[in-house]
Amino acid sequence: MAVKLELLQESKETRARLGKLHTPHGTVDTPVFMPVGTQATVKAMTPEELKQIDAQIILSNTYHLFLRPGHELVAEAGGLHKFMNWDRPILTDSGGFQVFSLGDLRKITEEGVTFKSHLDGSTLFLGPEKAMEIQMALGSDIAMAFDECTPYPSEHEYAKKSLERTTRWAERCLQAHTRKDQAVFGIVQGGMFRDLREQSVQEITALPFPGFAIGGLSVGEPKHLMYEVLDYTIPLMPREKPRYLMGVGSPDCLIEGVIRGVDMFDCVLPTRIARNGTVMTSQGKVVIRNAEHTRDMRPLDPNCSCYACQNYSRAYIRHLFKADEILGLRLTTIHNLHFLQDLMKQIRQAIKDESLLAFREEFFARYGYDNEKESPVSC
RNA sequence: GGGUAGGCGGCCGAGUUGGUCGAAGGCGCCUGACUGUAAAUCAGGUACGGGGAAACGUCGGUGGUUCAAAUCCAUCCCUGCCCA
């Protein structure tokens, strides 16, 4: 098996687990947060910088690399790792999210999905077999089964149809996949319906995948709904295999996810909001563009040891943003990714110490938790 | 000194057959959003004075024509360009 989870510890007070995920390109401590590098680059970051913030594994994307530069070219370059100069593990999303996010540009059939390229409008097809072919050419450590990320809200009837099709696609993915040094993870769907989530877990986990993802969450639903789904879905997933909650990455959701038994997360949030001028700090989020930081000579986060916080002030980074200087968003990206890597380290330590619930309490007290709102501050 | 083009909100700038213009658009500024990346993106707000709010006044100044002026007239001031 290309990828295997070694369970080190299971929390007694929560469903959290501590583990090591073994992959062809090295071992990853779980629970883990995976920065997203859609186009074979984590935007604004060099691989060296990713290593400096202790990124253990990153994501890339089938759909986007298929369109540009093309998977053949990546294979010709020696595979994705070599192409982008990243020698640690890579997980590739299958394009299933683009079925959701490029909603107006695609058509779903049993065979697969016809997209209108967002680049030039040309027609292209992505199905289970094609998604596997592309990911095998890319050579990621973990490929994802081709799924449909069910939109929210969806009718029960549609969510059921969609999940059942995702199951059939999952079977075809396994059949098409031949690369031994690459794992494929299946994806659970089912919208926000308990019976459908249960059906989907049952169907997907019956297939011989070495790991399972929960998809179709964090697509616009209220947080309490997502937590509910996790509460009843995760206990149905196999204990000895990794559980990956797709597309989730705000600090509060990471903590809540781990508590519910998630081992892996990915999210564009830290890198995207960084480029748009927002940073996550131990005291909550800070919009660095805002006027209040004009003369603030303190670092982004007083409790942070990242390169940006060790060397630059809020006033300077704000200036860089206002002046449209590229260093500004590089520094905020470094900081946000460091912040989440650091958060995951603290979470892993708290699991080890059996103090995760206390950690959550303390974290929310510092980060901001407004009971008037139905969920913790988002990022 | 002569000629000529112009002076509009923080800046640039549209508007000049008078009305529907206190005024398009851009920039700047302020604020918000962002969760398997069509995102270094997107959305909203943003002239001044006056006041509780409204009325009202202000498109270089002043005066005029008109039911009505940023738009027409007179005059003054200022700026660019050309000629001497």
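Lettering follows sequence order; numbering is per chain, from 1. Remember, it's a predicted structure, so these values are computed and weren't measured experimentally.
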Name all residues meeting the side chain to side chain contact (heavy atoms under 4.5 Å, CB included) criterion together with [X]; count only those two or more places apart in sequence or in a different chain, and write none if there are none.
X: A:Lys20; answer: A:Glu6, A:Leu8, A:His22, A:Thr27, A:Asp29
X: A:Arg314; answer: A:Val286, A:Ile288, A:His293, A:Asp296, A:Arg298, A:Leu300
X: A:Leu174; answer: A:Leu207, A:Pro208, A:Phe209

(message) Once side-chain hydrogen bond (donor to acceptor under 3.5 Å, both in side chains) is applied, do any residues pair with A:Arg165, and if so which ones, sequence neighbours excluded?
(response) A:Glu148

(request) Apply side-chain hydrogen bond (donor to acceptor under 3.5 Å, both in side chains) to A:Asn336 and list each qualifying residue two or more places apart in sequence or on a separate chain. (result) none

Sequence neighbours excluded and cut-off under 3.5 Å, please list the side-chain donor-acceptor pairs for residues 68-76 of chain A, or say none.
from: A:His71; atom 1: NE2; to: A:Glu133; atom 2: OE2; distance (Å): 3.3

Holding to ring pair (Phe, Tyr, Trp, His ring centres under 6.0 Å), I want the full list of residues that pass it with [X], two or more places apart in sequence or in another chain.
X: A:Phe193; value: A:His156
X: A:His25; value: A:His81
X: A:Tyr232; value: none

(message) For a quick test of reading the model: is some side-chain N or O of A:Gln98 closer than 4.0 Å to OP1 or OP2 of B:rU37?
(response) yes

(message) Under 4.0 Å, heavy atom to any atom of RNA chain B: which of residues 125-149 of chain A qualify?
(response) A:Asp147, A:Cys149

(request) Verify, without hydrogens or angle tests, whether A:Arg179 (side chain) and A:Met132 (backbone) share a donor-acceptor contact under 3.5 angstrom. (result) no

(message) Using a 3.5 Å limit for the pairing distances, which stems of at least 3 consecutive Watson-Crick or G-U wobble pairs does RNA chain B take part in?
(response) B:1-7 with B:77-83, B:10-12 with B:25-27, B:28-33 with B:41-46, B:47-49 with B:56-58, B:60-64 with B:72-76

Strictly under 3.5 Å: I want the nitrogen or oxygen pairs between protein and nucleotides 29-31 of chain B, one per line.
from: B:rC30; atom 1: OP1; to: A:Arg318; atom 2: NH2; distance (Å): 3.3
from: B:rC30; atom 1: OP2; to: A:Lys322; atom 2: NZ; distance (Å): 2.5
from: B:rU31; atom 1: OP2; to: A:Asn290; atom 2: OD1; distance (Å): 3.3
from: B:rU31; atom 1: OP2; to: A:Ala291; atom 2: N; distance (Å): 3.1

